[in-house]
There are 2 protein chains.
Amino acid sequence: MARSSVSIYDIARIAGVSTATVSNVLNGKGRFSQATKELVESVAAEQGYVASYAAKVLREDRSRTVGILTPDVSNEFFSAMVLGAEATLNDAGYSSFICNTGNRQDRAAASVRSLMEKSVDGLVFIGGSRGAEPAVVGDLPCVLSDYETQTLPARCAVVGNDLRGMTRSQAAVLARRGCEHIAYVGVGTGGRRWKTSPRYLGYLDALDVLGLEPMAALESPIEGASRDEAKAAVVEAFARNSSVDGLVAPGDRIALGCLDALLELGVEPGGDVRLIGCDDSVYSRIVTPAISSVDRHVPEIAAQCGRAMLAMLAGEEPVGQVLVPYDVVERETTLGPSA
Amino acid sequence: MARSSVSIYDIARIAGVSTATVSNVLNGKGRFSQATKELVESVAAEQGYVASYAAKVLREDRSRTVGILTPDVSNEFFSAMVLGAEATLNDAGYSSFICNTGNRQDRAAASVRSLMEKSVDGLVFIGGSRGAEPAVVGDLPCVLSDYETQTLPARCAVVGNDLRGMTRSQAAVLARRGCEHIAYVGVGTGGRRWKTSPRYLGYLDALDVLGLEPMAALESPIEGASRDEAKAAVVEAFARNSSVDGLVAPGDRIALGCLDALLELGVEPGGDVRLIGCDDSVYSRIVTPAISSVDRHVPEIAAQCGRAMLAMLAGEEPVGQVLVPYDVVERETTLGPSA
DNA sequence: TTGAAAGCGGTACCAT
DNA sequence: ATGGTACCGCTTTCAA
């Protein structure tokens, strides 16, 4: 069912040579005459021969395949990451298995197991869900990006932005534009632990430096549809305390929700209340008013993920940590509507 | 490197049973005592045993894996499709290999080949690129969605919307709102052949029924960044002929480009010129003015793709063609800014 | 330059 | 209930 039934034996038999020779010719290894080469190649083509990867993997104990785990490729940030990492890997002859974990530990664990069964040569973890992977991956090369863990896998590279620095920059921008009551919209970042997250700490850093008082951070316990949550959280927060004049959002979907809230509340984004998101997605550019954001250089992060993996795959030592620069992009929600 | 080195032989030896028994226990097949079961399971767990998929596939000649080919998962329409199809497949115990072809024939062909090497049990083609696959896939079950081909694979289901009907509906909506000079923005749909595409034909259908004259369709030879292309095409078209008062776009990115163009030209979207896109992506909802669009019921298409594949995988006859309904969603660009 | 054969890690048939 | 073993398709020594 799965595979056309013609095997290397068939080719060998029809061509009147041994399987060793067929293998050599088709892989360009070893020595063989030009005549043999042509013969074998023509027979193989004629028969529509497709080599069995399974047999190859079984024999070679390496699959030239890596697993990429991500919460959800329908999220534009993750899909761009996956696409970029995959491209880099592909160029080097590696395929990738993409797994959507839905940000759930059980699915992530199942995926890791399934990937290991498939003899993947490495694992790339992109985004969100943290779990007990290190225990199970053994010495499989791993790349982590935007991934929180307590214990790193044995052979592991970490690539991404300086998250703490990013929120620091976001808050700083708001302050520069005159905000004095800046809140962090801690929605959808993973529940209970977000108050110790690098991003939140960066926010605190900035306020500390600026001599401003941190606002009771806006927060919602639910993960998932972050846009609506964020909206609800902001609306509710303003009902409690309307002195807020700056919002730091850790992602553009959340920022979108903030914008929804501001519009609904009738306050002027970029005027009464300034707002800055993160990821610089298309969304932030096309809404009105356009949302200031942080360009994380996603293509570069993705490529670096791929490269870090390839380096380990080639037997090199893990590169350790790779920091990719980011840029603040100001638009109407910090510059004001006139911009 | 790839796999932890503990094999079924190790488990058998340590547990003091045969490999056959280990296999039976771990797969819940055959007969064995409770004691044996517990023994084997504990040894396996203890040793961190992970079965080799490669060996399994080689032996069973089926991989419980399907290949999903798509132009580009960073496109929100495709990523939603992929995600949905994958989910349905996953629930039934199938993994999927996702391949981004970049809409290029050579990459698609290479991907198909690579997938077949990997003994995938089926192939799902989502979107755009048409090629000579049917010749090479043999009797592998295939699902095609939004995929143009002349010749269908042997075992094949086609699932998606009635494309011709969709553009017909789009044009009809514009006409109902009073448009009399409706143009089809044929950008990025694949170059030379789009004038025979179902979508374009649907547009012609509608104009015919309505007794309107088809406009020289706007067109751009380049594929790719459809938004900017569309903008350029529309701007240029208006320079030539400013009587156009309705635009049918085959996708939201293109619609976005149309909107850009209208705004740049200083004509009022929804007033002077009405516009309707397709796919009902987030974009169409969050821009100002909001773009009317066609909700294609993507989650349902995706699920049907998965189900059609599963049915064939289970040995059933291909379901043939599955048509998924769609809805027109009117927003400001057809209803007018007051809406 | 070519070939014979072992072995990768499972599964399943056939004995016992 | 359990074990022995052939076999899946390929790569890779080692010999010829």
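First the proteins, then the strands, lettered A, B, ... as listed; each starts at 1.
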From D:dG3, D:dT12, C:dA12, nucleotide with atom closest to A:Asn24 side chain = D:dT12
Residue pairs fulfilling ring pair (Phe, Tyr, Trp, His ring centres under 6.0 Å) with at least one residue in residues 21-47 of chain B, sequence neighbours excluded = none
Decide whether A:Lys56 and A:Ser52 meet the rule of one side-chain donor and one side-chain acceptor closer than 3.5 Å.
-> no
Does A:Ser18 place a side-chain N or O at less than 4.0 Å from the phosphate oxygens OP1/OP2 of C:dG3?
-> yes
Distance check: side-chain N/O of B:Ser23 vs OP1/OP2 of C:dG10, anything under 4.0 Å?
-> no
Check whether any side-chain heavy atom of B:Met309 sits under 4.5 Å from a side-chain heavy atom of B:Tyr94, and report yes or no.
-> no
Counting just side-chain N and O atoms, does A:Tyr49 come under 4.0 Å of either OP1 or OP2 of D:dC10?
-> yes
Is there a side-chain polar atom (N or O) of A:Thr21 under 4.0 Å from OP1 or OP2 of C:dT2?
-> no
Under 4.0 angstrom between A:Thr36 side-chain N/O and C:dT2 OP1 or OP2 | yes
Look at the side chain of A:Leu58 and decide which nucleotide, out of D:dG3, D:dG9, C:dT11, has an atom nearest to it.
-> D:dG9
Distance in angstrom units between A:Met116 CE and C:dG10 C1', rounded | 18 Å
Taking only heavy atoms on the protein side, list every residue of residues 25-33 of chain A lying under 4.0 Å from any atom of DNA chain D, sorted numerically.
-> A:Asn27, A:Lys29
B:Arg59 side chain, from C-beta outward: closest of C:dA5, C:dG10, D:dC10 | C:dG10
Where the side chain of A:Ser7 is defined as all heavy atoms beyond and including C-beta, which of C:dG9, D:dG9, C:dT11 is the nearest nucleotide?
-> D:dG9
C:dG9 phosphate, OP1 or OP2: any side-chain N/O from B:Lys56 under 4.0 angstrom?
-> no
Base C:dG10 paired with B:Tyr9 side chain (donor-acceptor, <3.5 Å) | yes
